[in-house]
Structure formats: structure tokens, C-alpha cells
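Everything below concerns the one structure shown next.
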Amino acid sequence: MNPDTSTHLRTVQCGHLRADNVGETVILCGWVAKRREHGDHLAFIDLRDHTGIIQCVVDGAADLRSEYVVRVTGVVRHRPEGTVNDHLDTGEVEVGDCSVEILASAEAPPFPLDERAADVDENIRLRYRYLDIRRPEMQRNLRTRAKVNTAIRQAMNSQGFVEIETPMLIASTPEGARDFVVPARSRPGSFYALPQSPQLFKQLCMVGGIDRYYQLARCFRDEDLRADRQFEFTQLDAEMSFASQADVIEAITKVIGHVVDSLTGEKLGEVPQIAWREAMDRYGSDKPDIRFGMELVELTDVFADTGFNAFKASSIKGLRHSGGSDVTTRSRLDDLTNTAKRWGAKGLVWMRVEAGEDGSVTLNSPVAKFLSDTEKSDLITRFDAQVGDILYLVADDWLSVCHVLGLLRLALGRPPVNEGGLHFLWVVDFPLFESVDPENGRPVPAHHPFTMPNEDDWDLLDGTGQELLQVRSQAYDLVLNGWELGSGSVRIHRSDIQSRILELLGIGEEEAHEKFGFLLDAFRYGAPPHAGFAFGVDRVVALLLGEENIREVIAFPKTQSGSDPLTGAPSTIDPAHLNELGLRLSPLTD
Ligand code: ASP
């Protein structure tokens, strides 16, 4: 059922007319998508609004141009035989005997508002975003986004979550990225920060007894932009009291399930979980794209006693590109090797799998002569190598090997964004620390500093350096088709553990107090155990629509360089305004 969108100016919308409406007098409002004159006596207008296009027939010449805004009154009738248009939902009918009132004239648009717009420079589309939004694709994207928001709210409300708005002007939060700051006029020299996430406020809501909080939160991070990242983005942000990791995973899985069901009618079912270590081992990534196989093959034991120096490493793994030999030229192999080096590899060994003279399987590679016969035959068995395959090997420490082969796997096998369906995955058991800073020996947190370590690993917190890298956290990520949708964790609500973590991170009492003393204070007044999560709405919508670029699902995005061609932001401000804020511009120094 179409909603009743009649107003004092119109009775019905363009795309809603069908054969059932024949005989009705209708008043339509919209934009002229196209117009054709048939001699002096007849003009055909394709009238467009967001619901679709309807053909209107006007007696006499109509002085109209493309994108004029008009109000048309006429009678719905069957199209004459032979003129039915199967490409239009309204194609069986037209509106005849039309009288046309011009509501607004229009200049010629700077680019065609149809499928040809896809080839128009993105800066031009963004400069005239209001015209770009008239196109059916943008209408579909923005309306899908609204449906996703509605489905999220329904699923959260039905699980007892309360929608709460947290402030936009806050003190800096320790989320790791650079803050956007806003100078405070009332206190010259002081600044607000825009929230990187409502992290601390949602935890305070738990101390406040809200029990289950959520928000479609706008977040701001001053980071380098990419196709899948904007300075400002929206995330479903949630927090639950008296809840474990399993509870959060269950609640968020329900939300995702409801979103997918509402949009596609498909039932999501169980979302698989994989431990971080296994994800790295098998896919070389903490956000595996499981739409395709091509898993990493463990080879360290094959070369345990090797005489080949390049393979004397703590870890060796490989990838089999099935049938890849024919499609991979020598220059492509050189390119891949250089790319792998850029990713941090010491080198990339490749081997073509070929048929030997006696029908056996042989390996053709510049390094084959350095390998023993046993190593070669073990390799063939381990890879299940078939003639026509190409094998890639990397030797280094475990993490570097996984990292390089994980990227190579994507480069060789990843399907286009709109293929292969939706494959959600929970990645669990992340390490608490991602590395140790070689300069000061301090661990670098993988998530934010309020993430609870795995209870089984608490003892390891007394260790140092590399030992600390063994500590698992109670943090978890949701991944869709190789994109990290979001992350969350069980929080530390005990002050002894929090103090130890802050001490390990080198955040002294004074600094902790200055940055988030209010949270630590709040915890002194009875903090329930709590856990939460946040996922990016822009990314979910983009993936549901098969769009690679999240700007396609944002009404008014910034360009890759962070500017807005429509409004001119960022822009300079009036010197008087600067003065009022107590600010003076000085040349940038390094
Ligand atoms: N605040 C975190 C983020 O924005 C999510 C969470 O831990 O709830 O990534």
C-alpha cells in the first residue's frame, strides 16, 4: 500500500498510477523529466517525482523545459494500443487532457539526471548534490538508509534498549584517533571536542541504572579519508548492564538479522564466530572476507630443516591461486612481488605448477633449485597443487606472514562488492594489546583502555613486553564480507584492574584523572558489570546496496580530501570572530 501523500497541491504521486485509476481526475506535482512536441497540437511530458515517472499528454504546445516544476491536472486513461511502455511501472496508463501550471522554472542542470550521471565527476555531483539526489539511485540509497535506521530502532526497542542522546560538545575521549575541536568563546583558550564515540557517556548511563542504552550516534574522527571512511559517520552505539560478551553478541545479531530481514526478506540465521588467532592463521586478516576460500596454507614444518636461507624463518605460509598460472604473466608476478614488499614482506616466492615429462607434477620457480625433493613433494601435497595453479609463499615472523598473505589473498580472489551475498562473522578473542612500543616497551592497546582482559589471562598482566601480547581481551568485532562493521567489548568495572591497565599503558594517575577522571569517579559509586558495541550504519547500508563507496549512501558527504564542494566547508572565518574566540592564526610548523 502506498501511503496517502496527498496535499493541498496534489492528489496523488506520479509513480503510483495504474490501470485501476483509469477515469480518475488527478492533480500531480513534479519535475519535467522529458518533453516531446508532436506538431503544434500535442506535447508529451514525462513527469517525475521520487515515486516514478508518468506520461502526461497536453493539448497544444507547452512552454516547458527539463526540470521545470509543474502542477498537472488531468484524467487517467489507458495508453493507446501499441504504446504501452513495459519499462515503466506506470507504462499502461497516461494522464490526458492535461492543464499545466508552472510552479518554478529551472535552468538546465549541469549534468544529466539519469544513469549517465554515474560517469560525471564526483566533485560536480557533490557540488550540485540537491540535483544528484533527484536521481532514482540516490533516492533508493537514502530511502534504504532510512529503512535501516527504522529497523535498528525497532530491534533495539523490542529488546528493552532506551534511546538516549549524548552531547556533541564534550571533553576529548581516549578513543585513539585525532579529535575535531571547537573553540569555547566563553572560556578563551579552552576547547570542546566533538565525540569520536559516546563511549564514556554510555558507560555513565550504565552507572546511572539505564540498563540498556542505544543511540544512532554521530561520531567524528579526524583521520585520513578513504572510500569507506568519512570524518563524520553514524553508528549504532549500544551498552548493556549485567551482560556478558555472549549477551551483546546475541542482541546485536538480532538487530542485524532484523535489518536484513526488513530489507531483503532473508533470514540471517546463526552468525559464525572465529577466534582472532584462527582468523589470522586461515585468512591473514582480523576481518576475513569469507565469501571465498583460498585459505592460507601452513608450511613452517615443511621447511623445518631447510637449506634455503630465505626459508629459515619462524613462520612460512602460502596461498594457492587455483588455475592462476595462465592468467599471471611474468610482469604481473614482478608487480605482485613489489606490492608484497610494500606490504612489509621480505620477498614473495612464486611457483608455477606444471606437468613434468613423465606426467608428474613439477614446480617451476626461480627458487626450485634451492629446495630438496622432499620439500617440493611435501609442498605439492600440502597445497593439493594441480597443474595450472600458481603458488605464493612468504617467510617471516607469524604476524607479518599472515598480514602479507591476507592482503595477497584479497588482491587475487576477492569478489566485487555486490557479489556473493552477505556473510557476517563475529571475530572474538582479540589480543588486548596489538604491539609493544619499541621505544618505551609499553603495550599499545588494540581497543580502548576500558576493555576487560579475558579472565583466564589476568595473571599474564603481571608480565612484561612480549608476554603481554598473549593477553586476550573480551573484545569482539562484527565483520561483513571483509569489512569491519564495528567493535565492542566487555568493560572493566573494577578499579584494581583498571588501574593496572592504565599503569601498563603508561597513563599516570594525573593524566587519567584529567582525561576521564569523571568516569573513574563514577565507578566509585557502584558500577554494574557492563559491555557494549557499536557498528557503522554507513557501511551496513553501503554493503546492503552493493555500493563500494559510502559517499553514495550519505546525503551530503565530504570529498576524499575532506571538503564539501556544495557549501565550501571548511572555510576561513571572519577575523572578528577569531578575535572573539581569543584565537590568532600562526604559520604551521612541522
Ligand atoms: N566506542 C567503540 C567504537 O566506537 C565501540 C565500543 O566499544 O562500544 O569503536
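Numbering starts at 1 and runs along the sequence shown. Ligands are counted one by one from 1 in listed order, and the atoms in each one are counted from 1 as well.
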**Per-residue contact class, Arg491 against ligand 1 - non-hydrogen pairs under 4.0 Å** =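 The answer is the side chain.
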**Message:** Heavy atoms only, cut-off 4.0 Å: how does Ser487 contact ligand 1, side chain, backbone, both, or neither?
**Reply:**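 Contact part for Ser487 vs ligand 1: both backbone and side chain.
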**Backbone N/O of Leu216 and side chain of Thr234: donor-acceptor pair under 3.5 Å** = no
**Message:** Under a 3.5 Å distance rule, please check whether Arg291 uses its side chain to pair with a backbone N or O of Gly482 as donor and acceptor.
**Reply:**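 It does not hold such a pair.
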**Item:** Nearest candidate to atom 3 (C) of ligand 1, where distance is taken over non-hydrogen atoms, out of Arg221, Glu484, Gln199, Gln196
**Value:**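 Among Arg221, Glu484, Gln199, Gln196, the closest heavy atom to atom 3 (C) of ligand 1 comes from Arg221.
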Which atoms from ligand 1 have a heavy atom of [X] less than 4.0 Å away?
X: Ala534; result: 5 (C), 8 (O)
X: Ser197; result: 1 (N), 4 (O)
X: Gln235; result: 4 (O)
X: Phe533; result: 8 (O)

**Request:** Answer yes or no: does an N/O atom from His447 fall short of 3.5 Å to an N/O atom of ligand 1?
**Result:**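 In this structure, His447 places an N or O atom under 3.5 Å from an N or O of ligand 1.
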**Request:** Please check if the distance between the ring centroids of Tyr213 and Phe201 is under 6.0 Å.
**Result:**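 Not close enough - the centres of the two rings lie 6.0 Å or further apart.
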**Message:** For residues 262-282, which residue pairs pass the side-chain hydrogen bond (donor to acceptor under 3.5 Å, both in side chains) check, not counting sequence neighbours?
**Reply:**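 Those involving residues 262-282 are Asp261-Lys267, Glu278-Arg282, Asp281-Lys317, Asp281-Trp398, Arg282-Glu295.
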**Request:** Go through Arg135 and Glu137 one step at a time and tell me if the salt bridge (charged side-chain N to carboxylate O under 4.0 Å, His left out) criterion holds.
**Result:** CA-CA 6 Å; Arg135 297 189 305 117; Glu137 289 76 14; 3.3 Å; yes
**Prompt:** Can a non-hydrogen atom of Lys202 be found less than 4.0 Å from any atom of ligand 1?
**Reply:** yes
**Tyr130 OH: over 12 foreign heavy atoms closer than 6.0 Å** = yes
**Message:** We want to know whether Gln498 and Arg494 form a side-chain donor-acceptor pair, criterion being a heavy-atom distance below 3.5 angstrom.
**Reply:**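 Checked: Gln498/Arg494 side chains show no N/O donor-acceptor pair below 3.5 Å.
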